[in-house]
Amino acid sequence: MLTRLALIATAHADPAARRLGLAADSAGLWFRSRRLRRHWADHENHCHQAITRAIAGLTPRRTVLVLGSGQLRDIPLALLAHTFDSVLLVDAVHLWPARRQAGRFANVRCVTSDVTGRLAQFAFGFAPNPPLATVKADDSIDLTISANILSQLPIAAEEWLERHGRPPAEIAAMAHQLVGEHLAALTRLPGRVCLLSDIEMQERDRSGTILARHDLLAGHTLPAPDDAWLWPVAPFGMAQKERAYLHHSVAISDFKAA
């Protein structure tokens, strides 16, 4: 309990993100990723391989932008730091373990920012900003990595709308809009874009039978990936004893060319 509270208290968080509970969510994810590190290792390896493919043949290699750097488990940080002149880790919440990892490299910087431009709208009633407004004007960006955040972007907005009694159609429309805005913003960034994302959640029993499927991209579809795999987000016994939750995940190492 004390460690969780310490993670939340010491987090570098966007004020709107903290108010909407994202600092606490990040702390929970940190504990879950450590507890399930054996189950998540293959997922992380696929992500590292996709980023390595995205780097191959890329010139110049000035700045790499990581959107949704999170716990840094799915990011080969040392590779990026040794390959690029500058590494920008962008997230609404940076916990101290991630900041400590980043601090090992002189050319790595944590940028605390809401990539949707919408969190302050729901937390404080402010007008929304364009997505990626703080980074998209940087022409030195040669590679952008959208690191498993696409399906997560609508969650804070959906929860806020649900708490305030908004109808399901409005909630679904907002989710669709946020996912679409991120995809559109990626196409406008300079340089190459590597997209890592989960696209569907599958509920399975111990025989492997798929009991239910849930779209994670609010109705959007992605180009054909160069890699796909199942990520056991909640293996048997985690959420339910006889049911596992797996995320169908994909990698598109050159999204703009796909």
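Only heavy atoms go into these numbers, but all of them, side chains included; no hydrogens, no water, no symmetry mates. One-based numbering along the sequence shown.
- Smallest separation of non-hydrogen atoms from P128 and Q121: CB-OE1, 3.6 Å.
- Formation of a donor-acceptor pair under 3.5 Å by the R166 side chain with backbone atoms of E158 is not found in this model.
- The closest side-chain heavy-atom distance from D138 to I141 is below 4.5 Å.
- Between the CD1 atom in I199 and the CG atom in L150 there is a gap of 10.5 Å [rounded to 0.5 Å].
- D226 contributes a side-chain N or O that, together with a main-chain N or O of S253, makes up a donor-acceptor pair within less than 3.5 Å.
- Side chains of I51 and I75 form a contact here, defined as non-hydrogen atoms less than 4.5 Å apart.
- Checked by atom type and distance alone, the side chain of D91 pairs as donor or acceptor with a backbone atom of G70 at under 3.5 Å.
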### Query
Can you check side-chain contact (heavy atoms from CB on, under 4.5 Å) on D25 and L29, steps first, answer last?
CA-CA 6 Å; D25 290 346; L29 179 60; over 6 Å; no

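- Side-chain contact annotation: Q202 with E200, donor-acceptor N/O pair under 3.5 Å present.
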### Full working for side-chain contact (heavy atoms from CB on, under 4.5 Å) between L65 and L132
CA-CA 11 Å; L65 177 69; L132 307 183; 5.9 Å; no

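- Atom NE2 of H182 and atom OG1 of T116 lie 10.0 Å apart (nearest 0.5 Å).
- Contact of the W231 side chain with the D198 side chain is registered, since non-hydrogen atoms from C-beta on lie closer than 4.5 Å.
- For the pair T3 and F31, the minimum side-chain heavy-atom distance is below 4.5 Å.
- Panel note: side chain S69, backbone V66; no donor-acceptor pair is recorded below 3.5 Å.
- Rounding to the nearest 0.5 angstrom, the gap separating the CG atom in L22 from the CD1 atom in I155 is 8.5 Å.
- The salt bridge (charged side-chain N to carboxylate O under 4.0 Å, His left out) analysis of residues 102-120, with sequence neighbours excluded, yields the pairs R118-E181.
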#### Entry: side-chain contact (heavy atoms from CB on, under 4.5 Å) between L95 and Q71, intermediate numbers included
CA-CA 8 Å; L95 299 180; Q71 320 294 320; 3.9 Å; yes

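- Annotation: side chain of N45 is in contact with side chain of Q49 (closest heavy-atom distance under 4.5 Å).
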### Task
Assess whether side-chain contact (heavy atoms from CB on, under 4.5 Å) is satisfied between F255 and T144, documenting all intermediate values.
CA-CA 10 Å; F255 175 66; T144 296; over 6 Å; no

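- Using modelled atom types, no side-chain atom of D142 and backbone atom of V64 make a donor-acceptor pair closer than 3.5 Å.
- Although no hydrogens or angles enter the test, the distance criterion places a donor-acceptor pair under 3.5 Å between the side chain of W160 and the main chain of F122.
- A donor-acceptor pair is defined here as one N or O able to donate and one able to accept, closer than 3.5 Å; no such pair exists between the side chain of D14 and the backbone of S113.
- Judged by distance alone, with hydrogens and angles left aside, the side-chain atoms of K256 form no donor-acceptor pair with the main-chain N or O of C194 at under 3.5 Å.
- Contact of the H12 side chain with the R99 side chain is registered, since non-hydrogen atoms from C-beta on lie closer than 4.5 Å.
- For R163, the CZ atom counts as densely surrounded, since its 6.0 Å shell holds more than 12 non-hydrogen atoms of other residues, nucleotides or ligands.
- The residues R243 and D205 are annotated as not salt-bridged, no charged nitrogen and carboxylate oxygen being separated by less than 4.0 angstrom.
- Checked by atom type and distance alone, the side chain of R61 pairs as donor or acceptor with a backbone atom of L58 at under 3.5 Å.
- Separation of atoms NE2 (H220) and CG (L222) is listed at 9.5 Å; rounding is to 0.5 Å.
- Counting heavy atoms from C-beta on, the side chains of Y245 and P235 never come closer than 4.5 Å.
- Residues I149 and L196 fail the side-chain proximity criterion, which asks for heavy atoms closer than 4.5 Å.
- Rounding to the nearest 0.5 angstrom, the gap separating the NE2 atom in H94 from the CG atom in L72 is 8.5 Å.
- Checking side-chain atoms of W40 against main-chain N and O of P232 turns up a donor-acceptor pair under 3.5 Å.
- Ion pairing between a basic and an acidic side chain is recognised when a charged N comes within 4.0 Å of a carboxylate O; D85 and R62 show no such pairing.
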